[in-house]
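Structure first, commentary second.
Just so we're on the same page: letters track the sequence lines, and every chain starts at 1.
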Amino acid sequence: MPELPEVEVIRRDLDREVAGKKIKAVEATGLRSIRRHKSKKAFISAVEGHTIKSVTRRGKYIVMRLDGDTALVAHLGMSGRLLRAKNAKVPSPKHLHVVFTFSDNSQLRFVDPRTFGEMFVTSYLEIEDEVTELAHLGVDPLDEAMSWETFGRLITSRHTKLKTLLMDQKFVAGIGNIYSDEILFAAGLRWDRTADSLSAEEIRRLSRAIIETLNEAVKYRGSSLADEQYVDLFGQPGGFQDRHQVYDREGKSCPRCYRTLVRARYSNRSTFFCEACQI
DNA sequence: ACGCCCGCCTGTAAGC
DNA sequence: TGCTTACAGGCGGGCG
């Protein structure tokens with residue numbers, strides 16, 4: 001769920017809301033959410049008393065830089081939420097696992113029903129040595145401008161389905177099931193096309209579709225689906241779901257050619273596409 | 001290198 | 001109505 005656009009929306013709000021604030025107290029109830037640490041105590045002492053300097057993002061990871069050259073890293077997994085509260089009196093939602101209270105008494109809360117998400121503290125300067133997942137991430141499509149020629153060389157070196165490749169965090173960072181379908185529709189390419197079969201023109205279309213789709217999604221503050229968990233830092237849902245062309249639209253008509261959109265099962269996952277517009 | 005399945009989780013909804 | 005099953009999907013790991 002939270003994919004690059006949703007994580008980016010949260011990052012921007014976090015940078016505005018919590019950067020510069022000092023963490024006065026930390027409460028950790030869900031041990032699974034801080035599973036990289038040996039104990040609750042180890043996590044709390046690494047954070048307490050520190051100030052959040054800035055908030056950046058790498059793929060789906062949120063990196064809160066702390067003073068003392070450490071970083072508080074968050075990955076929301078499938079159902080993780082970061083929520084701001086004015087103070088401790090604001091009622092706690094279900095599945096609240098970690099609470100940071102700042103010196104102005106406002107709070108940052110980590111809520112996660114399915115507990116696939118996590119938070120941990122690591123060295124900021126050696127973050128890539130200590131966190132292999134971050135070191136292995138591919139290019140961030142919103143972060144670094146990559147020429148479509150470079151992108152093309154990377155694509156044609158792989159003999160795998162486009163959908164697999166787009167969702168491979170080591171290839172490009174931040175794309176999940178929703179946006180891979182939207183990107184492939186925008187590019188007019190089938191999910192099961194083999195990467196090394198793409199023409200130069202198709203590579204150009206795909207690289208443009210990645211950037212445009214993700215930028216549009218950020219502009220509309222991400223996607224919140226009916227059964228989905230995503231809300232922003234203030235508890236507000238996104239608006240991009242109303243602009244989805246294919247995702248979760250099986251049986252509805254293609255916005256381009258009006259043919260019925262179909263769903264395929266692939267690796268136990270749903271893929272939505274138009275059989276006419278995507279080749 | 002790639003495809004594919006599993007395990008980790010809970011909430012929701014469809015099916016019997 | 002009430003139980004069971006499927007599904008949602010990010011990600012690492014394992015196996016063929």
Side-chain angles (χ1 to χ4, degrees), chain A residues 1-8 10-11 29-36 57-63 73-82 92-98 110-120 130-138 140-141 153-184 190-198 214 217 222-231 237-238 240-241 244 246-251 262-273:
Chain A
M1 315 203 175
E3 300 180 30
L4 188 149
E6 292 78 29
V7 176
E8 175 61 16
I10 293 170
R11 183 205 69 78
T29 43
L31 279 178
R32 206 177 123 71
S33 301
I34 51 165
R35 54 188 171 270
R36 291 197 197 209
R57 182 186 56 74
R58 281 282 287 139
K60 298 175 195 170
Y61 289 85
I62 292 168
V63 181
V73 182
H75 191 292
L76 303 177
M78 300 249 333
S79 59
R81 296 174 170 191
L82 283 170
S92 294
K94 252 185 155 181
H95 307 293
L96 176 65
H97 303 307
V98 187
F110 182 67
V111 178
D112 189 9
R114 281 172 242 182
T115 68
F116 289 0
E118 59 166 335
M119 296 193 95
F120 58 89
E130 293 182 13
V131 190
T132 50
E133 295 95 316
L134 283 173
H136 294 163
L137 284 178
D140 191 299
R153 270 197 299 278
L154 277 170
I155 283 215
T156 48
S157 70
R158 297 286 295 270
H159 185 76
T160 186
K161 292 179 172 66
L162 285 180
K163 171 116 173 163
T164 309
L165 196 56
L166 287 180
M167 288 177 60
D168 181 354
Q169 302 304 301
K170 296 185 202 68
F171 181 70
V172 260
I175 300 169
N177 206 37
I178 295 174
Y179 293 103
S180 58
D181 282 4
E182 291 300 314
I183 287 165
L184 288 168
R190 274 182 69 105
W191 63 278
D192 53 357
R193 267 288 289 283
T194 307
D196 59 10
S197 77
L198 263 57
L214 296 176
S223 303
S224 301
L225 291 157
D227 64 327
E228 228 187 312
Q229 304 288 329
Y230 169 70
V231 288
F240 194 67
Q241 64 283 356
H244 285 176
V246 288
Y247 186 80
D248 206 20
R249 299 193 72 238
E250 180 191 17
V262 297
R263 177 217 293 252
R265 293 292 296 175
Y266 159 62
S267 289
N268 263 334
R269 214 134 282 181
S270 287
T271 294
F272 302 89
F273 67 107

Check: Is the shortest heavy-atom distance from the side chain of A/R58 to the side chain of A/D140 under 4.5 Å?
Finding: yes

Output yes when at least one side-chain N/O atom of [X] is less than 4.0 Å from OP1 or OP2 of [N], else no.
| X | N | result |
| --- | --- | --- |
| A/S79 | B/dC9 | no |
| A/H136 | C/dG12 | no |
| A/R32 | B/dC9 | yes |
| A/K170 | C/dC11 | no |
| A/Q169 | C/dG10 | no |
| A/H75 | C/dC11 | yes |

Given [options], which nucleotide is nearest the side-chain atoms of [X]?
| X | options | answer |
| --- | --- | --- |
| A/R114 | C/dG12, C/dA8, B/dC4 | C/dA8 |
| A/R158 | B/dC2, C/dG10, B/dC4 | B/dC2 |
| A/R269 | B/dG3, C/dA8, C/dC11 | C/dC11 |
| A/K94 | B/dC9, B/dG11, C/dC11 | B/dG11 |
| A/Y61 | B/dG11, C/dG12, C/dG10 | C/dG12 |

Next item on the list: Compare every heavy atom of A/K163 with every heavy atom of A/T271, then report the nearest pair and how far apart it is.
Entry: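 Smallest heavy-atom distance, with atoms named: OG1-CE, 3.3 Å.
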
Distance, rounded to the nearest Å, where [X] contributes [atom1] and [N] contributes [atom2]:
| X | N | atom1 | atom2 | result |
| --- | --- | --- | --- | --- |
| A/L225 | C/dC7 | CG | P | 17 Å |
| A/M78 | B/dG7 | CE | P | 17 Å |
| A/H159 | B/dG3 | NE2 | P | 7 Å |
| A/M167 | B/dG3 | CE | C1' | 14 Å |

Notebook entry, point to check: Given that A/E133 and A/R265 both sit by DNA chain C, which one's nearest nucleotide is further toward the 5' end?
Noted result: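 Nearest nucleotide further toward 5': that of A/R265.
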
Item checked: Sugar-phosphate, base or nothing in reach of A/R263, heavy atoms under 4.0 Å -> sugar-phosphate

Margin query: Using the six-membered base ring of B/dC8, report whether A/F116 stacks on it, requiring centroids under 5.5 Å and planes under 30° apart.
Written below: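 Stack criterion met.
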
Next item on the list: Could you go through the salt bridge (Lys or Arg N to Asp or Glu O under 4.0 Å) check for A/D168 and A/R158 one step at a time?
Entry: CA-CA 12 Å; A/D168 181 354; A/R158 297 286 295 270; 3.3 Å; yes

Next item on the list: Taking only Lys NZ, Arg NE, NH1 and NH2, and the carboxylate oxygens of Asp or Glu, determine whether A/R263 and A/D248 approach each other closer than 4.0 Å.
Entry: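 No, no charged N to carboxylate O under 4.0 Å.
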
Note to self: Could you tell me if A/R36 sits above the aromatic ring of A/F120, with its cationic atom closer than 6.0 Å to the ring centre and no more than 45 degrees from the axis?
What the structure shows: yes

